[in-house]
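Here, residue 1 is the first one in the sequence, and each next residue gets the next number. Order of appearance sets the numbers: ligands from 1, and atoms from 1 within every ligand.
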Amino acid sequence: MRSRFCCPRCGEALTPWVRELELAEAVNLQESNTWVLPSGWFVRRDSELLAGSAFTYGPANHPWVFAPMTNWWLRVHSDPLRTVGCCGLACFGPERPNLVCACGEEVGLGYCDCIGPYWYALHESVVHEQEVDAAPPQAIAERLTRLRERVARPIVRAGYAPGGRQPLHHDPSSWREALRLGEVRVDCGGGIEDPALVIASQQLPAGAQLVVPLPWCQLVRLVVLEEQPWAETESPLTWQHGNGPAVCVSRHSRQVLLTTWGPGDASWAVTIEARAWAEAWARFAG
Ligand SMILES: [Zn+2]
Ligand SMILES: [Zn+2]
């Protein structure tokens with residue numbers, strides 16, 4: 001089955017069609033600048049996948065948990081006392097919902113502040129629609145096995161650092177300060193405990209590759225569940241593994257901006273044509 005959730009007042013969809021997540025390896029409960037779930041999926045807050053986390057003890061009247069969504073689906077409340085954190089969308093509990101439908105109905109809670117994990121949750125009053133899933137994801141177990149084999153390969157940790165000033169995700173006019181890549185090839189390695197993406201491109205010096213650490217759950221989302229490999233500029237896809245750099249990926253028009261922020265020369269940025277980035281992931285997931 002697949003589900004979507006609609007406003008109890010006006011009936012408008014608050015989410016796209018989404019699937020209930022069963023793959024524990026795609027969940028992130030750590031404080032790590034990372035979404036709690038992949039986009040396109042949901043879990044119930046009392047699911048075993050979230051056992052022992054803040055959701056277990058959190059507001060019981062917001063039972064549906066998601067990744068952050070764009071304001072195409074859910075708008076941030078206009079009252080700053082419900083939303084302003086130190087660096088992102090703050091959450092002050094179920095008495096002060098901070099997500100609303102376009103019609104103004106208060107429908108959810110969202111948290112995208114500080115080190116996360118980042119999430120949205122919808123109120124029990126929202127309408128839960130279900131229909132038969134015409135094209136359920138195939139071969140998840142096989143894909144996971146293949147990814148485990150692939151990530152086990154060693155990689156050279158010292159990736160190329162293209163440097164440059166850090167463009168701002170929400171200001172696409174600043175993106176031209178980043179190195180621009182055409183066709184890219186995506187691979188991974190380093191082991192499940194310490195995985196990294198390896199990105200090759202003709203626009204990099206001969207033999208040079210970008211090395212982007214990421215948590216295993218994020219790699220599983222991108223490859224096994226084929227999560228969209230970006231989010232919109234208002235709320236970029238983010239992840240961080242341990243003390244590695246914080247990574248943000250967003251799309252504007254036909255470009256994707258990938259930034260990494262960390263100590264030393266671990267801070268750099270590149271832009272990639274969105275089509276080339278999507279195709280590289282499709283080949284990788286193959
Ligand atoms: Zn509404
Ligand atoms: Zn903060």
Can you tell me the angle formed at the Zn ion (ligand 2) by SG of Cys114 and SG of Cys86, to 10°? 100°

Cation over ring face, Arg44 and Trp64, 6.0 Å, 45°: yes

Opening angle between SG in Cys10 and SG in Cys101, taken at the Zn ion (ligand 1), to 10 degrees: 100°

Taking Arg2 first and then Glu131, would you say they form a salt bridge - that is, a charged N and a carboxylate O separated by under 4.0 Å? yes

Report, rounded to 10°, the angle at the Zn ion (ligand 1) between the two atoms SG (Cys103) and SG (Cys7). 110°

Answer yes if the ring centres of Trp73 and Tyr120 are under 6.0 angstrom apart, and no otherwise. no

Have a look at Asp113 and say which of its N, O or S atoms is nearest the Zn ion (ligand 2). OD1

Knowing that exactly one of Leu204, Val184, Asp187 qualifies, which makes a side-chain contact (heavy atoms from CB on, under 4.5 Å) with Ile199? Val184

